[in-house]
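Working notes for the structure below.
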Amino acid sequence: MCRDIDHGGRRCPAATPEGRRQHRAAQRRDAAAGQVESFIGATPFRPESGELMRMSSRPSYYDTDEWIEFDDTLHAAAERRGVDIVESSTADGLWEGDTEPAGAYIVRADSFEDIKGWAAEIAGRYDQDSVMAGFYDPNGPDTVHTFTVDQADTRELLDALGEVGVPGGRGYDGKLEIATGADSPLTPDAQRALAIRFGEPTVARAHVEFVEKDDSYIAHQPIREIQMLRQNYAAAHGFPVRQRMPHLTAADDIAAARAYAAAPHEPRHPRVARSYRAFRQHVAAQWDMLTAAGYRFEPWDGDQEQPYADSAAMIADLREHRHLYYYRTEVSQSTEGALPPDHPMARAITVTMPDGSQRPMIANDVFRAVHDAIAHSEGHQFGPHGEKRAWWAHRSSLPRDARLALWCETRAQNCWTNAGPHMTTTGEGGTSHLLQRGDDGWLPVSQRPYAAQKCVNVHPSLL
């Protein structure tokens with residue numbers, strides 16, 4: 001048996017870097033094999049919203065801001081719940097003669113309870129009575145019938161269901177899916193009539209639940225007062241009105257990570273220096289604005305690395321106590337991604353304390369506190385998806401000159417950590433894509449390396 005590494009175990013093959021890599025890969029494969037894979041059906045509108053349903057029947061609906069916001073929210077909630085969205089498709093939700101916008105998702109998680117928690121949060125957020133969640137199970141009490149419908153349009157599917165007395169289903173990717181419970185199976189006559197029209201279905205046993213809504217989404221509801229402070233700050237400085245965040249894909253994240261990795265650290269570059277000057281000025285003013293509104297920032301001196309268990313705990317502290325801990329630069333200098341001495345955020349800036357006195361502080365400390373308060377208070381968690389949305393939220397309260405600095409300090413570093421070379425692989429045709437849970441080399445968020453803190457000059461299209 002190999003001895004512990006601290007007592008000479010480095011000679012053990014399992015203790016070598018390659019041995020540890022293989023061991024981690026085996027653990028990930030075992031974890032993925034033990035996960036539950038589930039199918040989900042969700043929609044952003046209540047079935048009673050007749051006017052919205054008529055609008056949403058247009059194929060172009062899925063390009064609208066409303067659908068993009070819905071899809072982003074689903075991904076953010078999934079990230080919080082430890083749910084991986086493996087596949088997603090737009091779908092026609094079919095119910096009692098009407099159609100509504102819907103998404104068909106394949107997801108994985110450690111347990112079906114995790115998936116149900118996610119479904120309940122989404123149902124509550126969008127005021128749905130329930131969201132369908134299920135998984136295939138040879139011994140399951142329920143049944144999923146899948147018909148190949150080729151080019152049949154939504155009206156034809158609704159008519160077909162109405163003629164056989166089936167209240168609902170969903171159509172996507174050339175399929176009509178009907179999930180039925182043990183207490184309300186698809187009758188032989190209905191199945192025969194649909195088979196005559198569309199051909200024999202694929203029939204699979206399953207476990208299907210309609211998960212009722214809960215109020216767990218409230219923990220990540222925006223803090224309205226801080227939103228208003230941010231909006232007023234932007235208006236007072238004449239900044240452009242905030243636009244909806246573009247739908248940034250994994251390919252966009254990989255491109256941002258590569259651009260940041262390839263660019264040199266250039267603190268003296270005129271464009272970089274100008275951006276950081278504007279950035280420090282406005283971050284200091286935003287600290288003063290939040291302090292004047294009664295919010296207090298306190299350095300974290302605890303033993304663990306983070307002062308909050310999760311983003312919900314941080315938001316609750318801000319919402320209920322108008323208080324926020326920030327993690328000091330001084331403490332993090334011994335970790336990966338330490339701040340270089342010549343970095344513009346290593347400089348001191350002057351800010352106002354709650355008692356009205358003024359004090360010099362490291363700009364990086366001020367930014368960490370302000371960014372969490374002004375951006376993450378919108379409900380954005382600390383994971384890859386939430387950090388992306390927090391970057392966009394803070395961007396709207398800064399001038400154009402400061403966007404390069406903000407990009408370096410937020411989006412670029414987060415993209416490198418979550419979409420850098422350690423989290424990507426090359427597929428057929430040389431296309432890079434993100435590793436998924438269960439893939440060889442995939443790392444959980446807690447094990448991903450930090451990006452180097454540097455200030456770089458990149459193309460404005462990334463900002």
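Numbers here are sequence positions counted from 1.
- No side-chain heavy atom of R403 sits less than 4.5 Å from a side-chain heavy atom of W407.
- For the residue pair H394 and Q286, a side-chain donor N or O sits within less than 3.5 Å of a side-chain acceptor on the partner.
- Considering every non-hydrogen atom in both C455 and P267, the closest pair reads SG-CA, 3.4 Å.
- Residues R389 and E378 are not paired through a salt bridge, judged by the lack of any N-O separation under 4.0 Å between the basic side chain and the carboxylate.
- The distance from atom CZ of R296 to atom OG1 of T291, rounded to the nearest 0.5 Å, is 10.5 Å.
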Worksheet item: T424 and R258: side chain to side chain donor-acceptor pair (under 3.5 Å), yes or no, with the steps?
Response: CA-CA 11 Å; T424 59; R258 287 180 172 175; 5.1 Å; no
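- No donor-acceptor pair closer than 3.5 Å links the side chain of S357 to the backbone N or O of M353.
- One distance of note links CD1 of I374 with OG of S397; it measures 4.0 Å at 0.5 Å rounding.
- The backbone N or O of K175 lies less than 3.5 Å from no partner atom in the side chain of D173, so there is not a single donor-acceptor pair.
- Between V351 and Q358 the shortest side-chain heavy-atom distance does not fall below 4.5 Å.
- Heavy-atom minimum distance, Y260 versus A412: CD1-CB, 3.4 Å.
- Between F239 and H282, the distance from one ring center to the other falls under 6.0 angstrom.
- Within the 4.5 Å cutoff, the side chain of L229 has heavy atoms near those of the M289 side chain.
- In this structure, the side chain to side chain donor-acceptor pair (under 3.5 Å) partners of E37, at least two apart in sequence or on a different chain, are R108.
- A donor-acceptor pair under 3.5 Å is absent between the side-chain atoms of R80 and the main chain of G386, judged by distance alone.
- No side-chain heavy atom of Y325 sits less than 4.5 Å from a side-chain heavy atom of P299.
- The CG atom of N364 sits 11.0 Å away from atom OH of Y326, with the distance rounded to the nearest 0.5 Å.
- Panel note: side chain R395, backbone L463; a donor-acceptor pair is recorded below 3.5 Å.
- No hydrogens or angles considered: nothing links the side chains of H265 and Q453 as a donor-acceptor pair under 3.5 Å.
- For R448 against P384, the heavy-atom pair with the smallest separation is NH1-CG, 4.0 Å.
- A donor-acceptor contact under 3.5 angstrom links the side chains of T73 and Y126, judged on distance only.
- Considering N418, D253, N414 in turn, D253 is the only one that fulfils the side-chain hydrogen bond (donor to acceptor under 3.5 Å, both in side chains) rule with K388.
- Scanning both residues, A369 and W287, for their nearest heavy atoms gives CB-CZ3, 3.9 Å.
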Worksheet item: For R280 and M345, what are the C-alpha separation, side-chain angles and deciding distance, and is it a side chain to side chain contact (heavy atoms under 4.5 Å, CB included)?
Response: CA-CA 8 Å; R280 291 193 304 268; M345 296 303 284; 4.0 Å; yes
Discussion item. Before you tell me yes or no, could you show the steps for W118 and D114 under side chain to side chain contact (heavy atoms under 4.5 Å, CB included), namely the whole-Å CA-CA distance, both residues' side-chain angles and the distance that decides it to 0.1 Å?
Written reply: CA-CA 6 Å; W118 173 60; D114 290 339; over 6 Å; no
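- Side chain of D365 to main chain of I362: no donor-acceptor pair is present (N/O by atom type, distance under 3.5 Å, no hydrogens or angles).
- Annotation: side chain of L324 is in contact with side chain of Y308 (closest heavy-atom distance under 4.5 Å).
- Using a distance-only test at 3.5 Å, with no hydrogens or angles considered, no donor-acceptor pair links the side chain of Q128 to the main chain of I122.
- Atom CD1 of I40 is separated from atom NZ of K116 by 11.0 Å, given to the nearest 0.5 angstrom.
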Discussion item. Could you go through H376 and E387, starting from their C-alpha distance and side-chain angles, then the distance that decides it, and tell me whether this counts as side chain to side chain contact (heavy atoms under 4.5 Å, CB included)?
Written reply: CA-CA 8 Å; H376 284 281; E387 295 290 355; 3.2 Å; yes
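- Taking the side chain as every heavy atom from C-beta outward, Y276 and E409 approach each other to under 4.5 Å.
- Annotation: side chain of Q413 is not in contact with side chain of T417 (no heavy-atom distance under 4.5 Å).
- A heavy-atom distance below 4.5 Å is found between the side chains of L318 and Y295.
- A cation-pi contact, defined as under 6.0 Å to the ring centre and within 45° of the axis, links R411 to W391.
- Of the N and O atoms on the side chains of Q227 and R230, not one donor lies less than 3.5 Å from an acceptor on the other residue.
- Dense packing is recorded around CZ of R271, with more than 12 heavy atoms of other residues, nucleotides or ligands lying under 6.0 Å away.
- A donor-acceptor pair shorter than 3.5 Å can be found between the side chains of H220 and S311.
- D252 and T249 share a side-chain donor-acceptor pair at under 3.5 Å.
- Nearest heavy atoms, Y172 versus S89: CD1-CB, 3.9 Å.
- Across every non-hydrogen atom of S38 and I115, the tightest pair is CB-CD1, 3.5 Å.
- At distances below 3.5 Å, at least one donor-acceptor pair connects side-chain atoms of S275 with backbone N or O atoms of D401.
- The closest donor-acceptor contact from the side chain of T99 to the backbone of G93 lies under 3.5 Å.
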Discussion item. Determine whether V208 and F39 satisfy the following criterion, side chain to side chain contact (heavy atoms under 4.5 Å, CB included), listing intermediate values before the conclusion.
Written reply: CA-CA 9 Å; V208 178; F39 50 86; 4.0 Å; yes
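- Dense packing is recorded around CD of E266, with more than 12 heavy atoms of other residues, nucleotides or ligands lying under 6.0 Å away.
- Scanning for side chain to side chain donor-acceptor pair (under 3.5 Å) contacts around H321 gives an empty result, with sequence neighbours left out.
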